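Okay, structure first, notes after.
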Protein chains: 2
Amino acid sequence: MTTVRVPQEERSRAMRARLMDATIECLVERGFGGTSTTLISERAGVSRGAQLHHFPTKNALVVAAVEHLTEVRGAELAAAAAAVPDGPHRTRDVLRMLGEHFASPVFTAALELWVAARTDSALLAAVAPLEQRIGRETHRMTVELLGADETQPGVRQLVQATLDLVRGLGLAATISDDTRRRNGILEQWADTLDEALS
Amino acid sequence: MTTVRVPQEERSRAMRARLMDATIECLVERGFGGTSTTLISERAGVSRGAQLHHFPTKNALVVAAVEHLTEVRGAELAAAAAAVPDGPHRTRDVLRMLGEHFASPVFTAALELWVAARTDSALLAAVAPLEQRIGRETHRMTVELLGADETQPGVRQLVQATLDLVRGLGLAATISDDTRRRNGILEQWADTLDEALS
DNA sequence: AAACAAACAGTCAAGCCTGTCTGTTTGTGA
DNA sequence: TCACAAACAGACAGGCTTGACTGTTTGTTT
């Protein structure tokens, strides 16, 4: 009888990944308040003992999940950015891509963490720097995608406004998803933006 | 000895108001997750018995608080709107006013309720129609404040974009309040908007 | 003034959540 | 092969939350 030998390190990594994924899923489905460690371990198919072994406290798990989520967000955004087609409707397509990203489950999870962090200093300490980093990266990426010239006065503010706009649209989408309304707004903004940037 | 006679109806109203106010305060200070009925009654200076008498369940109290908050939001917004000065910087001042409103505690409380409502159908049923109403009112008010002509194509979308923008800015403000950044963005937006609307 | 209803007070039990603890299995280094 | 450490499993206690329940006070009505 051959016993399958799985190295400890890999087992450990897989277990941690499953727990973090389950955490994000719970965040999306139940919200931060409804995300209990018991629920996470059940969903991950991991015993509570194993869970507590890898993440001694709930906060440790959530913080790890935040970092995990940040990477997922970055990767998804980069992938979506690469898929935006070139052409006459470049700006519109870029905005639509951003709008979709900020209405996706990863954004929803981030929103839950964001709101929870407001009244949880330990969580805030973990969330804030990561959010700042991803914010800067997103800004830089958007400038590049739009081919905007940030040396021009006001351009930087317009890009920031665009990102805050999609954030606001994403917030609205978590309650009542209205894709048509969103696209109409973004289309108009694309025209206005094109004019302002040229 | 003269006994002070307070009518039941007024006592009841005052008690309910105190409980609803305390609920909103807890929402802002502790977040939805940290808002327990015990905490609310303590903060309101009301016994748990009295609380349960006026609001049989936590949901009943929260829903009442939502309605209460909606009225407060409407009133605050109307008051702020009336205070916007006329003049050459009208658009900028209107946006600044909106930006401030969407960064105020009432917005923070509303945000907590939105996010909580996403994963709480009972709460969603109470929040959704009220939010829709206040959204429509805010839109109408903004159109009037800006003197925009909604019969022109794209104008409606630009106003919606403006409101979604301030919502996004408000969300950002709950974590890291950066008034300067916000005003810079809004100022640029005002210029762009003025040009697009004329 | 008496009877009734509303308002108010505080205790209690059931349930959930978190983190500690003890015990078992599995991989690793000597 | 043996000893050790990491990984895993599940029971348990302490704390908190919610809503039910009983009892008391206060206002209203007749």
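Note that these values count all heavy atoms, side chains included, but never hydrogens, waters or copies made by symmetry. Lettering follows sequence order; numbering is per chain, from 1. Only a predicted model underlies this, so the values are computations on that prediction, with no experimental measurement involved.
Atoms NE2 (B:H54) and P (D:dG19) sit 17 Å apart, rounded to a whole Å. Rounded to an integer number of Å, the gap from A:E42 CD to D:dG10 P is 12 Å. Between the CZ atom of B:R18 and the P atom of C:dA7 there is a distance of 14 Å, given to the nearest Å. Counting to the nearest Å, the C1' atom of D:dA9 and the CD atom of A:Q51 are 13 Å from each other. Note: CD1 (B:I40) to C1' (D:dG19) measures 14 Å, nearest angstrom. The nearest whole Å value for the distance from the CE atom in A:M15 to the C1' atom in D:dA6 is 12 Å. As rounded to whole Å, 17 Å separates atom P of C:dA5 from atom CZ of B:R11. Atom CZ in A:R13 sits roughly 16 Å away from atom P in C:dG27 (whole-Å rounding).
Every pair passing side-chain hydrogen bond (donor to acceptor under 3.5 Å, both in side chains) that includes a residue from residues 162-176 of chain B is listed here, sequence neighbours excluded: A:R181-B:D164, B:T162-B:W189, B:D164-B:R167. Residue pairs meeting the side-chain hydrogen bond (donor to acceptor under 3.5 Å, both in side chains) criterion with at least one member in residues 119-136 of chain A, sequence neighbours excluded, are A:R73-A:E131.
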A correct 5'-to-3' footprint of nucleotides 16-21 of chain C, with B, S and - meaning base, sugar-phosphate only and no protein heavy atom under 4.0 Å, is -SBBB-
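With A:R156 contributing its side chain and A:E150 its backbone, the two residues share no donor-acceptor pair below 3.5 Å.
Scanning for ring pair (Phe, Tyr, Trp, His ring centres under 6.0 Å) contacts around A:F32 gives an empty result, with sequence neighbours left out. In this structure, the side-chain contact (heavy atoms from CB on, under 4.5 Å) partners of A:D86, at least two apart in sequence or on a different chain, are A:R90.
For B:H53, no side-chain nitrogen or oxygen approaches OP1 or OP2 of C:dC8 to under 4.0 Å.
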Can you give each donor-acceptor pair under 3.5 Å made by side-chain atoms of residues 49-62 of chain B, sequence neighbours left out, with the distance rounded to 0.1 Å?
from: B:Q51; atom 1: OE1; to: B:R48; atom 2: NH1; distance (Å): 3.3
from: B:Q51; atom 1: NE2; to: B:T37; atom 2: O; distance (Å): 3.2
from: B:T57; atom 1: OG1; to: B:N59; atom 2: N; distance (Å): 3.4
from: B:T57; atom 1: OG1; to: B:A60; atom 2: N; distance (Å): 3.1
from: B:K58; atom 1: NZ; to: B:T35; atom 2: O; distance (Å): 2.9

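With C:dA9, C:dA7, D:dA9 as the candidates, the nucleotide lying closest to the side chain of A:A50 is D:dA9.
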